[in-house]
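Okay, so here's the structure we're looking at.
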Amino acid sequence: MFVYINIASQILYLVGRIIKKEKRSYEDLVSEISKEYWKFTISPNLRPLGTSLMLGIKNAMKIAVFDPSGAYFYAKFWALGDGYKEIITHLNRKYGEDLTEEEAINLMKEVLSSEKIVYDVIEF
């Protein structure tokens, strides 16, 4: 449990530090987060972060998904961890650009009501 908390705190610290810098485009923020992840992966003096990260970009209506190496991609929706394949399959079937806000909320309630899902939302 201690290791999980330590890794989570490192990620929160890095992301928080990057986001609180001067106002920039989300592309710059995503690039900087990716570089920080990569530094942890290749440095012999640092332990790799060893976890994926999803960063919601509200004004762009998409998610940046990072893997532990620092590689990233953008998605309209995504899931990580146990059961992610089933969740993505479900979202692929039900999600559409034309969803109303209420329909989107109901879709997320469906997904989040699954017994396999554990989630945390941290806002900066």
Side-chain angles (χ1 to χ4, degrees):
M1 186 65 160
F2 178 73
V3 173
Y4 170 78
I5 292 169
N6 186 34
I7 291 171
S9 64
Q10 285 177 322
I11 293 168
L12 290 174
Y13 171 75
L14 286 172
V15 172
R17 189 186 65 187
I18 291 166
I19 288 174
K20 288 178 182 174
K21 285 184 179 179
E22 64 197 60
K23 296 288 183 195
R24 297 176 285 187
S25 70
Y26 72 85
E27 290 98 343
D28 291 342
L29 292 172
V30 166
S31 177
E32 193 165 338
I33 291 168
S34 176
K35 287 175 190 171
E36 288 294 325
Y37 256 78
W38 183 71
K39 283 181 198 174
F40 273 78
T41 300
I42 65 164
S43 174
N45 300 325
L46 297 172
R47 180 172 178 217
L49 294 174
T51 187
S52 296
L53 171 71
M54 290 192 304
L55 180 66
I57 305 164
K58 194 173 189 177
N59 61 348
M61 300 292 289
K62 59 184 166 184
I63 301 167
V65 182
F66 299 86
D67 78 8
S69 72
Y72 67 92
F73 60 91
Y74 294 107
K76 288 285 185 182
F77 55 82
W78 199 250
L80 298 170
D82 188 33
Y84 80 96
K85 288 180 184 177
E86 293 88 356
I87 294 167
I88 291 172
T89 300
H90 182 73
L91 289 171
N92 273 325
R93 280 195 305 250
K94 300 241 178 166
Y95 176 80
E97 293 286 330
D98 59 341
L99 285 179
T100 65
E101 183 177 353
E102 185 178 337
E103 290 170 331
I105 290 169
N106 288 334
L107 178 56
M108 287 299 94
K109 285 179 181 177
E110 279 178 39
V111 170
L112 294 174
S113 68
S114 168
E115 291 181 12
K116 287 187 173 183
I117 298 179
V118 176
Y119 59 94
D120 288 318
V121 175
I122 300 164
E123 293 189 22
F124 289 92

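- The minimum heavy-atom distance between Ser34 and Ala71, with the atom names listed, is OG-N, 4.5 Å.
- Separating the CG atom in Asn106 from the OG1 atom in Thr100 is a distance of 8.0 Å, to the nearest 0.5 Å.
- Contact of the Met108 side chain with the Val111 side chain is registered, since non-hydrogen atoms from C-beta on lie closer than 4.5 Å.
- The closest side-chain heavy-atom distance from Phe66 to Val30 is below 4.5 Å.
- Between the CG atom in Leu53 and the OH atom in Tyr72 there is a gap of 13.0 Å [rounded to 0.5 Å].
- Here the shortest heavy-atom pairing between Ile87 and Ala79 reads CG2-CB, 3.7 Å.
- Nearest approach of Lys76 to Ile63, heavy atoms of both residues: O-CD1, 4.0 Å.
- The backbone N or O of Lys85 lies less than 3.5 Å from a partner atom in the side chain of Thr89, making a donor-acceptor pair.
- For the pair Lys94 and Leu107, the tightest heavy-atom approach, listed with the atom from each and the gap, is CB-CD1, 3.6 Å.
- Sorted by first then second residue, the ring pair (Phe, Tyr, Trp, His ring centres under 6.0 Å) pairs that include residues 83-112, not counting sequence neighbours, are Phe77-Tyr95.
- For the residue pair Ala104 and Leu99, the shortest heavy atom distance occurs at CA-CD1, 4.2 Å.
- With respect to Glu32 and Lys35, no salt bridge is recorded, no charged nitrogen being found less than 4.0 Å from a carboxylate O.
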